[in-house]
Visitor: 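Dropping a structure here in structure tokens format, bear with me for questions.
When reading the values below, keep in mind they use all heavy atoms of this one structure, side chains included, and skip hydrogens, waters and symmetry mates. Every value quoted in this text rests on a predicted model; they were computed, and no experiment measured them. Note that ligands are numbered from 1 as they come in the structure, with each ligand's atoms numbered from 1 the same way.
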Amino acid sequence: MSAEVIYGKPLAEELRQEMKEEVSALHEKKIHPKLVVVIIGEDPASMSYVKGKQRASEKVGLDSELIELPVDTSEQYLLDLIDRLNQDDKVHGILVQLPVPEHISDQKIIEAIDPKKDVDGFHPMNAGRMLTGQDTFYPCTPYGILVMLKRAAISLEGKHVVIVGRSNLVGKPVGQLLLNENATVTHCHSRTKDLRHHTKQADILIVAAGKPSLVSGEDIREGAVVIDVGVNRVDGKLTGDVDFDSAKEVASYITPVPKGVGPMTITMLLHNTIEAAKRIHGQ
Ligand code: NAP
């Protein structure tokens, strides 16, 4: 078997085209959805992510602002800034690029953002709403994975989803979203015994560990769907957590790295920002 490759880019393009039309319709109602991204310090990877987010926002017609702060910015300064953005009627989405420098508590920052403007979906209020199956902002990477699976017409109900990873950013929320879709979910992590025993049972295997080639064809059940979330740089090249060549001979569907899950993450951020504007303006 050679798996069908699910590319995120064309799907992301399709969704962004739909969003462009939605934003135009909102402009006609004098609603201008706006995303503010805050970055502290000059980490090149983080800087490249935020520039990508800004470019994508502008392409669909969102107002966007990038606030760049020096690495020695105090936690209080950042909290005051978030407070001002929370009060600003023209701002609908606030994103503080993580990780923040060590002298700043990321949890305090996440909790300071108004849940109505928390387009990253990390605020405990939004995480709790997701946990209890209520409508809310879902974290962008997990949400992107859900949309990818749905658009590829992969049924979720009753399927055994095995997730390698339990981070608050990816592993836990993707498990919760798929549980909400009536999948049966198993989480594996660094203390899991006999990882292969678990991955081999997956109808849908999601790998979000940040370990290059952690999973290969031998770890995958024939016909499984494989979603590779990992982004690792090996010898200057981007690579996932799955050994693509061996896995694609066993899987039925597989996402590549790059061009797989990545483009969906930013797309869902745009979606959440538009949703935030619609909700704030009662649309
Ligand atoms: P993270 O916070 O480092 O979490 C990694 C998870 O993997 C942890 O739960 C860890 O277990 C588990 N793990 C690590 N090594 C393992 C092993 N050998 N066996 C089993 N489990 C293992 O990372 P993250 O933020 O979730 O991100 C995961 C990957 O996705 C990274 O490569 C990241 O760059 C990528 N990512 C991509 C996107 C995208 O848009 N494409 C977005 C976000 C993240 P413990 O909990 O026990 O430590």
Visitor: Short N/O distance, under 3.5 Å, between S167 and ligand 1?
Guide: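 So ligand 1 has an N or O lying under 3.5 Å from an N or O of S167.
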Visitor: Counting only heavy atoms closer than 4.0 Å, does ligand 1 sit against the backbone of K211, its side chain, both, or neither?
Guide: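 The side chain, only.
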Visitor: One thing to verify: whether D219 and R196 come together as a salt bridge, which I'm taking to mean a side-chain N less than 4.0 angstrom from a carboxylate O.
Guide: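 Salt bridge between R196 and D219, a charged N being under 4.0 Å from a carboxylate O: yes.
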Visitor: Closest non-hydrogen protein atom to atom 25 (O) of ligand 1, residue and atom name please, with distance?
Guide: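 The protein heavy atom lying closest is L169 CD2, 3.3 Å.
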Visitor: To check your reading of the model: name the closest protein heavy atom to atom 18 (N) of ligand 1, its residue, and the distance in Å.
Guide: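 Result for atom 18 (N) of ligand 1: L214 CD1, 3.6 Å.
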Visitor: If you measure from the Lys or Arg side-chain nitrogens to the Asp or Glu carboxylate oxygens, is any gap between E157 and K150 under 4.0 Å?
Guide: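 No, no charged N to carboxylate O under 4.0 Å.
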Visitor: Out of V261, I163, T239, V170, who is nearest to atom 43 (C) of ligand 1 when you count heavy atoms only?
Guide: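 The residue whose heavy atom sits nearest atom 43 (C) of ligand 1 is V170.
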Visitor: Considering non-hydrogen atoms of the protein only, which is the closest contact for atom 29 (C) of ligand 1, and what is the distance?
Guide: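 For atom 29 (C) of ligand 1, the nearest protein heavy atom is G210 N, 3.6 Å.
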Visitor: Of the protein's non-hydrogen atoms, which lies at the shortest distance from atom 21 (N) of ligand 1, and what is that distance?
Guide: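 Result: H189 C, 3.1 Å.
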Visitor: Please confirm whether the backbone N or O of P256 pairs with a side-chain atom of D228, one donor and one acceptor, at under 3.5 Å?
Guide: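 Answer holds: no.
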Visitor: Distance under 4.0 Å to a non-hydrogen atom of G165: what atoms of ligand 1 satisfy this?
Guide: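 So the atoms of ligand 1 that pass are 6 (C), 7 (O), 9 (O).
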Visitor: Of the listed options (A45, A209, P139, G171), which comes nearest to atom 7 (O) of ligand 1 when hydrogens are ignored and any heavy atom counts?
Guide: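 Answer by nearest heavy atom: A209.
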Visitor: Honestly curious: do I145 and L131 fall in one hydrophobic cluster under the side-chain, below-4.5 Å linking rule?
Guide: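 No; tracing contacts between hydrophobic side chains, which count when under 4.5 Å, never links both residues.
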Visitor: Are any of the side-chain nitrogens in E275 or K278 under 4.0 Å away from the carboxylate oxygens of its partner?
Guide: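 Yes.
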Visitor: Can you check whether Q97 reaches I40 side chain to side chain, under 4.5 Å on heavy atoms?
Guide: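 No, their side chains stay 4.5 Å or more apart.
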Visitor: In the complex you have, is atom 3 (O) of ligand 1 within reach of the protein, judged by whether a heavy-atom distance drops under 4.0 Å?
Guide: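 Protein heavy atoms within 4.0 Å of atom 3 (O) of ligand 1 - there are none.
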Visitor: Does the distance from a Lys or Arg side-chain N to an Asp or Glu carboxylate O, for R221 and D203, drop under 4.0 Å?
Guide: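 Salt bridge: yes.
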Visitor: Which residue and non-hydrogen atom of the protein lie closest to atom 48 (O) of ligand 1, and at what distance in Å?
Guide: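 Sorting protein heavy atoms by distance from atom 48 (O) of ligand 1 puts S190 OG, 3.6 Å first.
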Visitor: Would you kindly check if the NZ (Lys) or CZ (Arg) of R129 is within the cone defined by 45 degrees around the ring axis of F137 and under 6.0 Å from the six-membered ring centre?
Guide: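 No cation-pi geometry.
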Visitor: Okay, side chain of D114, backbone of K116: is any donor-acceptor separation there less than 3.5 Å?
Guide: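 Yes.
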Visitor: Quick one: look up the protein heavy atom nearest atom 42 (C) of ligand 1 and list residue, atom name and how far away it is.
Guide: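 Residue, atom and distance for the closest contact: T141 OG1, 3.2 Å.
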Visitor: Which is closest to atom 30 (O) of ligand 1 by heavy-atom distance: V257, T192, D241, V229?
Guide: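 Residue with the shortest heavy-atom distance to the ligand atom: V229.
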Visitor: Could you note down all residue pairs passing ring pair (Phe, Tyr, Trp, His ring centres under 6.0 Å) where residues 140-162 supplies at least one of them, sequence neighbours left out?
Guide: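 Applying ring pair (Phe, Tyr, Trp, His ring centres under 6.0 Å) to every pair that reaches into residues 140-162, excluding sequence neighbours, yields Y138-Y143, Y143-H271.
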Visitor: Looking only at protein heavy atoms, which one is nearest to atom 46 (O) of ligand 1, and what is the separation?
Guide: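 Result for atom 46 (O) of ligand 1: R166 NE, 2.7 Å.
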Visitor: For residues 70-110, which residue pairs pass the ring pair (Phe, Tyr, Trp, His ring centres under 6.0 Å) check, not counting sequence neighbours?
Guide: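 Non-adjacent pairs meeting ring pair (Phe, Tyr, Trp, His ring centres under 6.0 Å): H92-H281.
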Visitor: Could you find the nearest protein heavy atom to atom 40 (O) of ligand 1 and give me its residue, atom name and distance?
Guide: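 Nearest neighbour among protein heavy atoms for atom 40 (O) of ligand 1, to 0.1 Å: T265 OG1, 2.7 Å.
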Visitor: If you count the atoms of ligand 1 from 1 in the order shown, which ones are under 4.0 Å from a heavy atom of G262?
Guide: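 Numbered from 1, ligand 1 contributes 40 (O), 41 (N).
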Visitor: Quick one: which ligand 1 atoms are inside 4.0 Å of a heavy atom on V164?
Guide: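 Selected atoms, number and element: 20 (C), 21 (N).
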Visitor: Answer side chain, backbone, both or neither: which part of V231 comes under 4.0 Å from ligand 1, heavy atoms only.
Guide: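 The part of V231 near ligand 1 is both the backbone and the side chain.
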